[in-house]
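Below is one structure, written out as structure tokens, with a few remarks after it.
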Amino acid sequence: MSTKNRGIPIVVSAPSGCGKDTILAELFKINDNLAYSVSATTRAIREGEIDGVSYHFHTRESFEKMIADGEVLEYTEYCGNYYGTPKKAVLDMLDEGKDVILKIEVEGAMNIKKIFPECVMIFILPPSIGELDRRLRKRGTETEETISARIAQARNELLFADKFDFLVVNGDLAKAVSDVNTVILSEKMASQRNLQLLEEIKNS
Ligand code: 5GP
């Protein structure tokens, strides 16, 4: 399609341990029209993370100033830390025609839907709760208590899954990546997103 449309906000949510980071890393290799919304957070930086790439790391004070100054599209408090989506970066990337991936939790996802009714919401599921439990244990970094807490949290997040537009089960990584990309590519062709192109063709 020749006309460059505004990009689509793509919300991706998943309980921890569902492999959403791996899916997204693979997705960026095969879809070159994607951009990533780097969130702001007050949580501590983890090993391997880079400030400005993984997250923009803030103090609570500077995060609260961003909220007061209207610089975040949405924000939430999750496990005692603030997480929020920077407004300007996302709007700029959408204006450039990029489809913007917002990797956020379910409450933020619902808020983004209100701001961008045209967004696409994808929820990544584990094949089963038993498999999620197995994957969390395999990481070898979690205590029994953390695993139970994450499973409880996952069950809670699953309660919101039917509010999303698409469900992708991450049983096989390659299939999950292809499924997410198929959703995005199909949405790009939705008639209501291409009315201008249609007019151009009708008038050509
Ligand atoms: P983590 O600390 O494991 O990186 O992220 C914790 C949770 O916060 C994840 O579910 C992640 O998707 C979510 N999250 C990250 N950035 C944002 C954001 O900007 N807004 C919201 N609402 N959630 C976010």
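Order of appearance sets the numbers: ligands from 1, and atoms from 1 within every ligand. Side-chain atoms are counted along with the backbone in the values below, which use heavy atoms only and exclude waters and symmetry mates. Each residue takes its place number in the sequence, starting with 1.
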May I ask you to test the V100-I10 pair for a side-chain heavy-atom distance under 4.5 Å?
-> no

Between Y82 and the options R43, E77, E64, the side chain to side chain donor-acceptor pair (under 3.5 Å) test singles out E64

Go through the steps to decide whether Y83 and E105 satisfy the test side chain to side chain contact (heavy atoms under 4.5 Å, CB included), and finish with yes or no.
-> CA-CA 9 Å; Y83 291 84; E105 49 65 68; over 6 Å; no

Contact set, ligand 1, heavy-atom distance under 4.0 Å, ordered by chain/number, equals K20, S39, R43, R46, Y55, E74, T76, Y78, Y83, G84, T85, K103, I104, E105, G108

When you measure from the side chain of S13 to the backbone N and O of I104, does any donor-acceptor pair fall under 3.5 Å?
-> yes

Is there side-chain contact between L34 and Y36, with at least one heavy-atom pair below 4.5 Å?
-> no

How about Y55: does its OH atom have over 12 heavy atoms from other parts shown lying under 6.0 Å from it?
-> yes

